[in-house]
Amino acid sequence: MEKSSRNPSANRASSETELLVTSVTEPVKSWPIGVLVRTRLIEFSRRPAAVFWTYVFPLVMMFILGSAFRSQGESPSQVGILLGSQAEVLKQKLQSSPDLVVAVVDLEDGLRRLRAGRLAVLIRESARTNRGTETFPFELIYDPQRIGARTAELLVQRQLRISEGVPESYQFHRVPYSEPGGRYIDFLVPGLIGMVLLGGGLWGVGYAIVDMRIRKLLKRFLATPMRKSDFLLGIVFSRMMFVIPQIAVIMLASYLGFSVTNHGSWFEFALLVLLGGLQFAGVGLLIASRAKTMETMSGLINLAMLPMWTLSGIFFSYENFPELIQWPIRLLPLTPLLDTLRGVMLDGNSLTQHPIELALILSWTVGTFGLALWLFRWTDGQ
Amino acid sequence: MKFAIDCRNLVKTYAAKPPVQAVRGIDLQVEYGECFGVLGPNGAGKTTTIEILEGLLSATSGDVQVLGCTWERDSAEIRQRIGVSLQETVLSDDLTVAETVRLFRSFYRRALPVEQALSRVSLQEKAHARVNKLSGGQKQRLAVACAIVSEPELLFLDEPTTGLDPTSRREVWEIIRQLRANGRTILLTTHYMDEAQRLCDRVAIFDEGRVIALDTPDQLIRSLGGDQVVRFSFARRQDPQQHLSPDATFLDRLRGMPTVSHVESVSDRVQLTCQQFPVVVTVLIEFLHQHDYVLSDLSTREATLDDVFIHLTGKRLEGSAA
Ligand SMILES: Nc1ncnc2c1ncn2[C@@H]1O[C@H](COP(=O)(O)OP(=O)(O)OP(=O)(O)O)[C@@H](O)[C@H]1O
Ligand SMILES: [Mg+2]
C-alpha cells in the first residue's frame with residue numbers, strides 16, 4: 001500500500017515524493033507586456049479579414065488610384081469664353097497652353113457650367129479698366145471660394161502675358177460670381193446630402209445587420225415565424241425614417257446660414273432623396289449579407305465608400321478628372337444621384353431631364369436588393 | 001404524430017479542416033408533454049443537435065420530424081408552434097424588457113399579452129427596465145419569456161441555467177416546472193446532472209456526438225447497480241492523519257464486497273457504489289481492522305446522474321460538484 005500525503009511539508013522525507021513532483025511550481029520567466037503584445041499580434045494575424053483591411057486594402061487603393069492618375073499629371077483647368085467678336089482669337093491663344101481646356105459658351109450655358117463646377121472661370125470681353133493699373137480687356141467671372149478658381153486665373157493670366165507680350169503688372173477685372181445658386185456652397189450642399197445618404201445607408205443598414213448577426217439575434221429571429229422580407233423591409237424603412245429629418249436639418253441650416261435653397265420642385269427633391277436613401281440602403285444590405293465580423297464589415301464599407309467619396313463629386317466636380325476615368329465614375333451609385341440633385345437644386349431641372357441618371361439609380365437599387373436577398377445569411381454557421 | 005420530436009440517425013459533420021463530426025448518429029423520440037433533458041460535457045454535440053431540431057442548422061444526414069412535420073415541407077408551421085431560447089443570444093441592450101417581448105410577440109399569429117408573458121417569468125416589475133440593467137438571471141428569464149410568448153406546444157431551451165447563481169437557477173427551474181405542468185413539451189440541454197435529475201422525465205446522456213444512455217433519471221441511476229455512493233479514506237492506526245492510497249489488491253477486495261457494483265479511487269479517496277451501504281460499511285471496517293488500518297473519513301450519499309456519467313465515460317462533467 002502506498003502512502004500519499006494531504007500535507008506535503010510534513011512528509012517530505014517519505015519515499016512517495018513522486019506523487020508530489022507533478023504539482024511543483026517553477027518561476028515564471030516571461031514578461032507580461034511581451035506576452036500581451038504577442039497575444040494581440042497572434043489574434044490579429046488569425047483574423048484574415050483584419051489583416052486584409054489593415055494592410056492589403058490601403059495598398060490596393062493606392063495602386064488603383066495611383067495608376068488612374070499617374071500619366072495625367074495635374075489636371076488642366078476648365079476655362080469658358082463668352083461668345084463675342086474676339087472669342088475665337090482668345091481661344092486660340094489660351095489653347096496653346098497644355099494646362100488649359102477652353103470652350104466657347106453662351107452666357108446661360110457658361111453660368112450653368114460655372115455653378116456645376118464644370119468651369120473654373122468664365123472670360124468675358126470688357127472695356128472696363130481698373131483705376132491705377134493696366135488691365136486686359138477681359139473680365140473674369142468666377143467664384144472665389146471654389147477650389148481651382150485661383151489657379152485657373154493665374155494660368156490664364158500667364159498665358160495671355162506670354163502671347164501678348166505685356167508686362168507682369170497687367171491684371172484682370174475680376175467679377176466675383178456669388179449669387180445664390182452659383183456659389184461653391186450651392187455646389188457643396190447637394191454633395192453633402194449625397195454623402196449623408198451614402199454613409200447612412202452603409203453604416204445605418206449594414207452595420208446594424210452585422211451587429212445583429214454577431215449577437216446571434218438574426219439566428220434567434222430565424223427561429224420565429226418572422227417573415228424575412230418583413231425584417232429586411234423593417235430595417236430599410238426605419239433607415240428611411242432617419243433620412244427625412246437628417247436631410248431637413250441640412251437644408252434648414254444651409255438656408256439659414258448661406259441662403260442655399262432648392263431651385264427645383266420640392267416634391268421631386270424629396271423623391272430624389274428617398275430614392276437615394278433606398279439605393280444606399282440596398283448597397284448596405286448587400287455588403288452586410290455575408291459579413292461575419294466587424295472588421296470585414298468596416299473594410300467593405302470603406303471599400304464601397306472611398307471611390308465615391310473621392311471620385312463622385314461631393315466636394316469638386318468629377319469633370320476635372322481625365323476623360324478616360326469619367327465614364328466609370330458616372331456608373332458609381334453616388335454620381336448619378338449628385339448630378340440629378342444638382343440639376344434639381346441648382347438649375348431647377350425636373351427629374352424628366354435626367355432619365356439616364358434615374359435609370360442608373362433604379363438599377364443600383366433593384367440590383368443590390370436582389371443580390372442581397374439572394375446572398376443573405378442569417379447565421380454565421382453552416 | 002406519435003412523438004413531439006422524432007429524430008433518427010442524425011449526423012452532422014461541420015465542414016472545417018479537419019471536418020468536425022459533431023453529431024454521429026443520434027436517435028431521439030420525445031413524447032408529448034414530456035420534459036426531456038440532453039445532458040453532456042462541452043462539445044458533446046448538444047447545441048448542434050438542438051439547432052438542427054429547431055431548423056437553424058441543416059443536418060448532414062438523418063430524419064427529423066418535429067410536431068409531426070418536417071422542416072423541408074412545413075417550416076412556417078413548425079415555427080408558429082415552437083419556442084426557442086438559444087445558448088448565446090445577446091438581446092438588444094437599449095430596449096426595455098417589455099419592448100423586447102413585444103418585438104418577439106409580433107412575429108406570431110397568436111401570443112400572450114406582454115404583461116402575462118412577463119408575469120410567467122416574474123419580470124413584471126422590470127417591464128420598463130433596459131435590458132442592459134438586468135442581472136444574468138433576469139436576462140435568462142427574459143429569454144424564456146420571449147420563447148414562451150407564443151404559448152408554444154414545444155419549447156427548446158439550450159442551457160437555460162448555465163452561468164447563473166443558485167437562486168436564479170431555482171427560479172428558472174420553477175418556470176420550467178410550471179410549463180411542464182401546463183402540458184408543454186420541453187427539450188432542454190444542460191451540463192448539470194442535478195438539473196436534469198430534478199426537471200426531466202427522461203434524460204439522454206450525450207458524449208462525443210453519441211447518445212451513451214437514455215432513460216428516466218431513476219432508471220439511469222439504478223442501472224449503476226446501486227444507488228448509494230460510499231466515499232472513504234483510511235490510514236494506519238498509529239498515524240490516523242496520514243491518509244493512504246489503495247493498491248490494486250485492495251480495490252479488488254472492495255469489488256468483492258456484497259452489493260458493490262463500482263469502485264474507483266482518486267489518490268487517497270476511495271469511492272464505491274452499492275445497494276446496501278450498512279452492510280458494506282460493516283464489512284469494510286472489519287477488513288480494515290484486520291490489516292491494522294482505520295477509517296479516517298467516511299461519507300455516504302444517494303447516487304446521482306453524475307455517477308452514471310463517470311461510470312459510462314470515466315470522465316467527469318464540468319460544472320457539477322466533484
Ligand atoms: N460552426 C462550427 N464549425 C466547426 N465546428 C463546430 C461548429 N460549431 C460547433 N462545432 C464543433 O462541434 C462540436 C459540438 O459542438 P456543440 O456546440 O454542439 O457542443 P455542445 O454540446 O453544445 O457544447 P457546450 O456544452 O459547450 O455548449 C464541438 O467539437 C465544436 O467544436
Ligand atoms: Mg452548447
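Order of the sequence lines sets the chain letters (A, B, ...), proteins ahead of strands, with each chain counted from 1. Note that the structure is predicted; figures quoted are calculated from it, not measured.
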Could you report the tightest heavy-atom contact between B/L53 and B/V66, atom names first, then the distance?
O-CG2, 3.5 Å
Atom group of [X] that falls short of 4.5 Å from chain A, counting heavy atoms:
{"X": "B/F156", "result": "neither"}
{"X": "B/L103", "result": "side chain"}
{"X": "B/E77", "result": "neither"}

Before we go on, tell me: are the rings of A/F376 and A/W374 under 6.0 Å apart, centre to centre?
no
Using the benzene-type ring in the case of Trp, are the ring centres of B/H291 and B/F287 under 6.0 Å apart?
yes
Considering heavy atoms only, which positions within residues 193-205 of chain A lie below 4.5 Å of chain B?
none
Quick one: of B/A143, B/A248, B/G83, B/S92, who has the most non-hydrogen atom pairs under 4.5 Å with chain A?
B/S92
Using a strict threshold of under 4.0 Å (side-chain N to carboxylate O), is an ion pair present between A/K219 and B/E88?
no
Going by side-chain hydrogen bond (donor to acceptor under 3.5 Å, both in side chains), name the pairs with one or both residues in residues 242-252 of chain A, residues two or more places apart or in two chains.
A/R239-A/Q246
Should the pair B/R79 and B/Y108 be classed as cation-pi, given the thresholds of under 6.0 Å to the six-membered ring centre and 45° from the axis?
no
Which donor-acceptor pairs under 3.5 Å do the side chains of residues 221-237 of chain A make with protein atoms, sequence neighbours left out?
{"unit_1": "A/T224", "atom_1": "OG1", "unit_2": "A/F221", "atom_2": "O", "d": "2.7"}
{"unit_1": "A/T224", "atom_1": "OG1", "unit_2": "A/M226", "atom_2": "N", "d": "3.1"}

For B/E99, what residues pass the side chain to side chain donor-acceptor pair (under 3.5 Å) criterion, not counting sequence neighbours?
B/T96
